[in-house]
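Input: a single structure, listed below in structure tokens.
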Amino acid sequence: PIHIDFEINDKCNQSCIMCPRNTKTHPDINYELNTGSVLDYEKYMEIIDEGIDKGLLSINLGAFGEPLINKNIINMVKYAHEKGVIDSRLITNGLLLDKYIDDFFDSGLINLFVSIDAFSEKRYLEIRGKGFKKVKNNILDMIEEKKRRDSLLPVIRVSFIDMGINKDEKSSFIEFWEDKVDHVDTQVYDDFNLDITKLYNTSKTKKWECKSPWVRLAILSNGDILPC
């Protein structure tokens, strides 16, 4: 695979209503979550080394958990680029971003994706919990530092999952961020509680072709490997 999604820790410092980590809104998820497991840093380096030998070009840190609570996050980014990884992506809720602003510019990080999903503090509280002002200010500080350094990287993206609860804030969100960040991403809401057999009124799931195993894979913090 040319790309690996890493879950570097099976935990998060938020409990968003649309996330399967939230056991109140997703009581019937049939796989283990929130175990607190952390991907061993030595094992991570071993995976990167083996990946590079086999053509690895891209990584995503924080595919399933909050990466900034991992104490090795900056070293992980640095190590991957030092070994030859070209593209790196880090997906975060941004609550701890202020701790790492200088470090990210020195790490070689290519893409910084911050999930927000709201324009107002009230809506953010309903969806993600506390911390709206801090996240907003952290991103704005990151933008200012990027300007001060006259740096093209990291590419900064903010994202908004379009759900019923926040649909009225979508246009305001886009308008506020579109001239500040490199990308504004609006996403379709996936309901993890849906039973696909009931949704399509069939006992057989719809046939579809997945190319992911040949170009990417996912590695969980406990060492399990998934095709995507």
Side-chain angles (χ1 to χ4, degrees), residues 1-14 16 18-21 31 33-34 37-41 43-97 100 103-117 135 139 142 152-161 181-188 190 192 210-228:
I2 62 172
H3 174 85
I4 297 177
D5 290 307
F6 284 97
E7 176 192 68
I8 57 176
N9 35 253
D10 183 20
K11 51 186 173 181
C12 186
N13 52 359
Q14 286 190 324
C16 307
M18 64 286 188
C19 180
R21 288 188 180 280
Y31 45 89
L33 276 173
N34 303 316
S37 63
V38 178
L39 182 65
D40 180 73
Y41 183 57
K43 178 59 65 177
Y44 168 82
M45 291 191 292
E46 184 181 323
I47 295 167
I48 293 293
D49 291 347
E50 183 177 348
I52 290 296
D53 287 342
K54 298 182 183 299
L56 178 65
L57 298 173
S58 173
I59 62 167
N60 172 19
L61 300 175
F64 314 111
E66 172 50 49
L68 299 190
I69 61 179
N70 189 302
K71 64 181 181 179
N72 288 314
I73 182 61
I74 298 300
N75 289 333
M76 286 178 163
V77 176
K78 283 184 176 179
Y79 188 82
H81 283 297
E82 287 170 358
K83 288 295 180 174
V85 166
I86 296 172
D87 191 28
S88 58
R89 181 192 319 158
L90 191 146
I91 304 174
T92 175
N93 57 38
L95 281 171
L96 301 176
L97 191 58
Y100 298 104
D103 292 327
F104 277 139
F105 285 101
D106 299 330
S107 69
L109 180 68
I110 305 298
N111 298 286
L112 176 66
F113 294 171
V114 186
S115 305
I116 309 176
D117 307 311
V135 170
I139 300 170
M142 187 80 186
L152 292 174
L153 300 174
V155 172
I156 301 174
R157 185 196 83 174
V158 295
S159 64
F160 182 101
I161 298 177
V181 295
D182 299 295
H183 297 286
V184 177
D185 185 45
T186 58
Q187 303 172 0
V188 176
D190 282 330
F192 291 94
C210 177
K211 296 182 175 63
S212 285
W214 317 116
V215 295
R216 62 188 291 176
L217 57 79
I219 297 178
L220 302 186
S221 54
N222 64 1
D224 286 353
I225 299 175
L226 305 177
C228 60

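Source: prediction; values computed, not measured.
If you run side chain to side chain contact (heavy atoms under 4.5 Å, CB included) between Ile110 and each of Leu152, Leu153, Ile86, only Leu153 comes through. Screening Leu97, Val114, Leu96, Asn93 for a side chain to side chain contact (heavy atoms under 4.5 Å, CB included) involving Val135 leaves a single residue, Val114.
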What donor-acceptor contacts under 3.5 angstrom involve side-chain atoms of residues 58-65, with partners at least two apart or in another chain?
| residue | atom | partner | partner atom | Å |
| --- | --- | --- | --- | --- |
| Ser58 | OG | His3 | ND1 | 2.8 |
| Asn60 | ND2 | Asp5 | OD1 | 2.9 |

Legend entry - Candidate pair Arg157 and Val184, rule side-chain contact (heavy atoms from CB on, under 4.5 Å), full reasoning: CA-CA 6 Å; Arg157 185 196 83 174; Val184 177; over 6 Å; no

Inset, instruction - Could you go through the side-chain contact (heavy atoms from CB on, under 4.5 Å) check for Asp87 and Leu57 one step at a time? - result: CA-CA 6 Å; Asp87 191 28; Leu57 298 173; over 6 Å; no

Inset, instruction - For His183 and Val155, run side-chain contact (heavy atoms from CB on, under 4.5 Å): C-alpha distance rounded to whole Å, both residues' side-chain angles, the deciding distance at 0.1 Å, then the answer. - result: CA-CA 8 Å; His183 297 286; Val155 172; 3.6 Å; yes

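For Asn70 (side chain) and Ile8 (main-chain N/O), a donor-acceptor pair under 3.5 Å exists by modelled atom type. With hydrogens and angles disregarded, a donor-acceptor distance shorter than 3.5 Å links the side chain of Asp182 to the backbone of Ile156. Remark: the backbone N or O of Arg21 is paired with a side-chain donor or acceptor of Asn34 at under 3.5 angstrom.
Between the NZ atom of Lys43 and the CD1 atom of Ile48 there is a distance of 13.0 Å, given to the nearest 0.5 Å.
Classification of Lys78 and Asp106 as a salt-bridged pair fails, no side-chain N sitting under 4.0 Å from a carboxylate O.
Taking the six-membered ring where tryptophan is involved, the planes of Phe104 and Tyr100 are tilted, since the angle between them lies from 30° to 60°.
Among all heavy-atom pairs drawn from Gln187 and Ser159, the shortest one is NE2-CB, 3.6 Å.
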